[in-house]
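To start, I am sharing the structure in question, which I have written as structure tokens.
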Amino acid sequence: MTVLADHLIILPIVLPLLAGAFLLLLDDRRRPVKAALTILVAIALLVIAVTLLFRASGSTALAETVSYRLGDWPAPFGIVLVLDRLSAVMLVLTSILALAALVFSLARWHRAGPHFHTLFLFLLVGLNGAFLTGDLFNLFVFFEVLLAASYGLVLHGMGVVRVKAGLHYIVVNLAASTLFLIGVSLIYGVTGTLNMADLATRIPGLNDTDRMFMEAGAAILGVAFLVKAGMWPLSFWLPTAYAAASAPVAAIFSIMTKVGVYIILRLSLLLFGPGAGESAHFGSEVLLYGGMATIAFGLVGVLATQTMSRLAGYSVLVSSGTLLAAIGVGNAAATSGALFYLVNSTLAVAAFFLLTELVERGRDPGADVLAVTMEAFGYTDEDDITEEVEVGERIPTILAFLGGSFVACALLLAGLPPLSGFLAKFALMSAIMDPAGFGTGGPQFVVTWVLIALLILSGLSAMLAMTRIGIQTFWSPLEIAVPGVRGVEVVAVSFLLLLCVALTMAAGPVLDFMEDTAMSLHAPAAYIDSVLPNGGASRGATP
Amino acid sequence: MEIIIAVAIGVLTGSGLWLLLRPRTFQVIIGLALISYATNLFIFGMGRLRSNAPPILEPGGSSDLATLADPLPQALVLTAIVISFAMTALFLVVLLASRGLTGTDHVDGRETDL
């Protein structure tokens with residue numbers, strides 16, 4: 001039994017890979033079979049991920065890190081998969097989003113183009129692999145798997161807008177992949193290893209010249225991840241691409257920026273933690289200021305945007321910026337707040353992307369732009385008000401559902417009580433204000449207050465923009481058109497939102513868990529020991 | 001040898017970057033290809049440039065690591081070549097789709113007014 005349990009780690013990668021490849025053999029006309037199989041795989045992945053989460057959270061040990069050696073090659077030479085709390089959380093989050101997006105796509109989106117299910121499963125392979133791997137080059141390979149699938153998915157449904165946005169998306173990500181390769185090879189050229197844990201043991205002992213090259217490599221590598229995460233000067237592609245993608249694809253894409261954030265979090269704490277000698281806290285200022293710039297850019301974008309889907313895209317940027325800045329702050333409390341915020345904002349943004357498509361379905365394209373333009377010119381449709389005043393008009397159930405979900409999304413994204421967005425932001429801010437965080441390597445006093453002001457302002461701007469769009473959509477439409485919404489779509493959106501509610505109710509235990517996760521991330525010795533049981537000494541042996 | 005490789009990588013990257021910023025999709029794809037060549041050379045160079053050094057251990061041959069080349073960057077280059085080739089092919093398809101749908105080969109899907 002223990003043997004089987006050990007191999008469970010590889011399943012999140014192998015299962016969707018095999019299923020996706022098998023689905024290629026089925027003709028696209030047998031779509032119900034494909035959809036059923038894909039959803040079964042997604043459910044299985046969720047079960048596996050939850051099992052792994054329980055495994056990683058362990059009973060007593062601070063960090064129950066499990067490493068899995070592929071082909072049983074000894075650690076620095078072979079490729080390892082590493083499961084710790086952080087990667088288990090990300091796996092669970094991925095499978096939740098995948099399940100919701102797939103259920104949502106059942107209504108109509110999975111019919112919009114060929115091989116949707118296969119591409120979707122391959123995207124899951126890449127995502128799960130990127131979260132599990134402990135090897136830099138292996139990470140590159142999983143990134144490419146993920147990106148290749150995402151290129152197909154962003155074009156899913158075709159159309160001029162998607163092809164145009166997809167073209168830009170592909171070019172930006174191909175260029176970022178080249179940077180990734182340059183960074184990885186530079187690091188290999190200096191340190192002679194690609195294993196993340198081995199790298200962490202070698203960094204403190206580098207001489208000055210090598211350290212300079214290694215830091216240059218890490219910086220180039222970081223740029224590649226920051227493109228993915230959407231940090232400010234590298235993020236102009238993101239809102240367009242996300243707004244153009246079909247709803248279920250955009251929902252699963254909301255975790256793709258988090259892949260970049262995850263890698264940055266993992267590598268900056270593992271490689272450049274306090275134990276890294278002179279390289280300690282390398283890049284944390286960049287993350288802090290870059291994150292703040294991203295929040296500011298996203299904030300302006302949220303206010304300026306005229307359509308719901310672009311609003312969702314800019315919300316992704318705001319949440320990325322918040323996370324990057326929190327990582328840049330660099331104390332364990334901020335990290336745990338950031339992790340809670342990550343889970344919460346990913347679920348909320350995904351739900352919002354799904355909801356956006358449902359709401360916009362019932363409206364004229366361009367109605368948003370029209371409404372805002374009319375407002376700007378002071379034109380109100382008073383002439384259109386007819387005399388028939390219906391007292392106690394019945395609100396259609398679907399509109400009530402959409403409106404309620406919209407309010408929930410607004411509360412979550414703006415970070416207002418009573419939902420979990422508030423708790424996440426509160427945890428984050430209290431950690432940033434925590435006097436213990438002002439210590440060594442932390443940001444200066446002024447910067448901290450600017451960051452807190454930005455966080456509050458971003459909530460305010462989200463509230464303003466959501467209120468404006470909500471009023472235009474639900475309260476004062478030119479004509480009320482009830483969009484046709486299928487049951488499965490309602491299920492998918494409510495699933496995500498109910499999870500956020502559950503997150504609110506179970507905030508105490510979840511925050512405790514995130515605190516443990518953050519503590520283990522800030523003390524990477526357990527991670528390194530798990531990957532390299534003999535310590536760095538094994539390097540002396542011949543391969 | 002180092003200076004030639006270094007200059008070659010620099011020229012390839014420079015030309016690739018310039019082409020990448022051009023407005024025509026074909027220029028962009030050639031630029032991406034040039035940059036990926038430069039990257040592949042760079043990865044190869046990270047295993048240190050040596051001539052007459054085989055990357056494999058032969059039975060009965062020298063087991064002195066100083067006479068052998070590092071095989072790992074060569075394996076990495078192979079992976080990188082395959083991936084960048086596949087991505088370029090995929091991008092070509094999107095390029096053609098964009099050309100077909102918008103009727104222009106401008107990266108923004110429409111000509112800019114001069």
Side-chain angles (χ1 to χ4, degrees), chain A residues 76-77 79 113 119 135-138 140-145 147-152 154-155 158-195 213 217 220 224 237 240 244 542-543, chain B residues 9 13 16-17 20-21 25 27-29 31-49 57 63 65 70-73 75-77 79-84 86-110:
Chain A
F77 309 111
I79 290 169
L119 285 172
D135 182 278
L136 276 182
F137 199 78
N138 196 230
F140 168 74
V141 175
F142 279 124
F143 247 69
E144 289 303 311
V145 171
L147 288 174
S150 79
Y151 301 154
V154 84
L155 298 172
M158 290 307 269
V160 180
V161 180
R162 287 202 185 107
V163 169
K164 257 163 65 179
L167 194 76
H168 297 175
Y169 174 74
I170 295 176
V171 173
V172 168
N173 279 299
L174 283 181
S177 298
T178 348
L179 287 176
F180 193 149
L181 274 178
I182 294 173
V184 165
S185 54
L186 203 51
I187 289 177
Y188 176 78
V190 178
T191 61
T193 185
L194 289 169
N195 184 298
F213 279 116
I220 294 172
W237 57 274
T240 317
T542 44
Chain B
I9 292 174
T13 313
L17 204 56
L20 192 63
L21 299 173
T25 46
Q27 291 169 318
V28 171
I29 200 170
L32 279 172
L34 289 183
I35 290 181
S36 76
Y37 296 156
T39 311
N40 291 339
L41 278 177
F42 182 77
I43 302 173
F44 188 72
M46 278 302 113
R48 305 295 183 271
L49 297 168
L57 286 166
S63 64
L65 291 179
D70 189 347
L72 194 67
L76 301 187
V77 166
T79 318
I81 289 173
V82 172
I83 289 177
S84 70
M87 292 301 161
T88 312
L90 193 143
F91 184 59
L92 200 57
V93 175
V94 180
L95 185 159
L96 288 176
S98 164
R99 173 73 177 80
L101 282 170
T102 61
T104 164
D105 64 345
H106 195 278
V107 286
D108 288 334
R110 60 165 193 275

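Letters A, B, ... are given to chains in the order of the sequence lines, protein chains preceding strands, and every chain is numbered from 1. Hydrogens, waters and symmetry mates are skipped; everything else that's a heavy atom, side chains included, is used. Bear in mind the structure is a predicted one, so any value in this text is a computation, not a measurement.
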> For B/Leu76, is it the side chain, the backbone, both, or neither that has a heavy atom closer than 4.5 Å to a heavy atom of chain A?
Replying inline: both
> Say you draw a straight line from CG of B/Asn40 to CG of A/Leu181; how long is it, rounded to the nearest 0.5 Å?
Replying inline: 7.5 Å
> Under a 4.5 Å cut-off applied to non-hydrogen side-chain atoms, are B/Asp108 and A/Lys164 in contact?
Replying inline: no
> Would you say B/Ile43 and A/Tyr188 make side-chain contact, with heavy atoms under 4.5 Å?
Replying inline: no
> B/Leu32 versus chain A, heavy atoms under 4.5 Å apart: side chain, backbone, both or neither?
Replying inline: side chain
> In Å, rounded to the nearest 0.5 Å, how long is the span from CD1 of A/Ile182 to OG1 of B/Thr13?
Replying inline: 6.5 Å
>> Under the rule for salt bridge (charged side-chain N to carboxylate O under 4.0 Å, His left out), what residues qualify as partners of B/Asp105, not counting sequence neighbours?
In response: B/Arg24
> Is chain B contacted by the side chain of A/Leu194, its backbone, both, or neither, given a heavy-atom distance below 4.5 Å?
Replying inline: side chain
> Side chain, backbone, both or neither: which part of B/Asp70 has a non-hydrogen atom closer than 4.5 Å to chain A?
Replying inline: side chain
> Which atoms of B/Ile29 come close to chain A, meaning under 4.5 Å heavy atom to heavy atom: side chain ones, backbone ones, both, or neither?
Replying inline: neither
>> Measuring from atom CZ of A/Arg162 to atom OG of B/Ser98, what distance do you get when rounded to the nearest 0.5 angstrom?
In response: 15.0 Å
> Can you name the nearest heavy-atom pair linking B/Leu20 to A/Ala175, along with the distance?
Replying inline: CD2-CB, 4.4 Å
>> Walk me through whether A/Phe140 and B/Ile83 qualify under side chain to side chain contact (heavy atoms under 4.5 Å, CB included).
In response: CA-CA 10 Å; A/Phe140 168 74; B/Ile83 289 177; 3.7 Å; yes
>> Tell me whether the count of non-hydrogen atoms from other residues, nucleotides or ligands lying under 6.0 Å of CZ in B/Phe44 goes above 12.
In response: no
>> Working to the nearest 0.5 angstrom, can you tell me the gap between A/Ser177 OG and B/Ile35 CD1?
In response: 11.5 Å
Contacts under 3.5 angstrom, residues 87-96 of chain B side chains, donor-acceptor by atom type, not counting sequence neighbours:
unit_1  : atom_1 : unit_2  : atom_2 : d
B/Thr88 : OG1    : B/Ser84 : O      : 2.6

> So do the side chains of B/Val107 and A/Val171 get within less than 4.5 Å of each other, counting heavy atoms only?
Replying inline: no
